[in-house]
Amino acid sequence: KNKYRSDKNFIIINSLKKIQNYKKIDIVLLNSVIQYIDKDSLEKLLLNFDKILKKNYKIIINDVPKYSRLVELCLFLFLNPKRLLGAFYIIINFRDYIKNHKFYLNNLDIGFLKKNFKYKKIENFNNFKLRHSFILKKKL
C-alpha cells in the first residue's frame, strides 16, 4: 500500500460504496473476502462491476475456499503442525467462531461465471492447495 501511495494510477479502495466514484478502473482484486459474502450479494456485486469498470477489465478473486471452514481447519491441522494450537482453539470453539464469522461455501457458482464472464480458474500455488483463484473478464 505504501509503495504505490504516490502513484496516481494505483488506488486502494476499502469500501464497495467508494468504488462507484471511480469510473476508469481496469482491475479489481477481491482478496480473501468472498467467503464472507452471501451468494446473491456476490453475484449482484460482480454484475454491477460491469457497469463501472473499463471495457477490458479484469476481476481477480483470490483465496476462494474449496472446503468448509471446519474441513479446512482439520486438514490444516495435519498439513501445518506449526499452527496446531491455533487450529485446535478454533475447532474447540467452532460454534462461537461460526456465529461471529459468517462463512459461505460454494457462493461462487461456476454456472453463473460461465453465463456472465470469460473466466480462468487457477490453483493456488501454496503447498496445501486448499484454495483457488479466478480471473474474470468481460464476455464479448
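For clarity, every value in this text was computed on a predicted model and none was experimentally measured.
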Short side-chain to backbone donor-acceptor contact, Lys55 and Lys138, under 3.5 Å: no
Step through the shown structure and confirm whether more than 12 heavy atoms of other residues, nucleotides or ligands are within 6.0 Å of NZ on Lys44. no
Supply the atom-to-atom distance Arg131 CZ to Asn62 CG, rounded to the nearest 0.5 angstrom. 11.0 Å
Going hydrophobic residue to hydrophobic residue with side-chain gaps under 4.5 angstrom, can you get from Leu29 over to Ile34? no
Ser133 and Asp63: which non-hydrogen atoms are nearest, and at how many Å? OG-N, 3.8 Å
Side-chain heavy atoms under 4.5 angstrom apart, residues restricted to Ile, Leu, Val, Met, Phe, Trp, Tyr: same cluster for Tyr36 and Ile60? no
In terms of heavy-atom contacts, Ile37 and Leu42 come closest through CG2-N, 3.6 Å
Please tell me whether Leu45 and Ile135 are part of a single hydrophobic cluster in this structure, the criterion being side-chain heavy atoms less than 4.5 Å apart. no
Answer yes if Leu30 and Ile27 sit in the same cluster of Ile, Leu, Val, Met, Phe, Trp and Tyr residues linked by side chain heavy atoms under 4.5 Å apart, and no otherwise. no
Distance col, row Glu43:CD vs Lys115:NZ, nearest 0.5 angstrom, shows 9.0 Å
Qualifying residue for side chain to side chain contact (heavy atoms under 4.5 Å, CB included) with Phe49, from Ile59, Leu136, Ile25: Ile59
Pairwise side-chain contact, Asn116 with Leu46, heavy-atom cut-off 4.5 Å (strictly under): no
Could you measure the distance from the NZ atom of Lys118 to the NZ atom of Lys139? Nearest 0.5 Å is fine. 10.0 Å
Would a single hydrophobic cluster contain both Ile61 and Ile122, if residues Ile, Leu, Val, Met, Phe, Trp and Tyr are joined by side-chain heavy-atom contacts under 4.5 Å? no
Step-by-step side chain to side chain contact (heavy atoms under 4.5 Å, CB included) determination, Ile110 to Phe134: CA-CA 10 Å; Ile110 297 298; Phe134 289 90; 3.8 Å; yes
Count the heavy atoms belonging to other residues, nucleotides or ligands that lie under 6.0 Å from CG of Asn56, then report whether that count exceeds 12. no
What distance separates Lys121 NZ from Leu108 CG, expressed to the nearest 0.5 Å? 9.5 Å
What is the ring orientation for Phe117 with Phe112, classed by angle as parallel under 30°, tilted 30 to 60°, or perpendicular over 60°? perpendicular
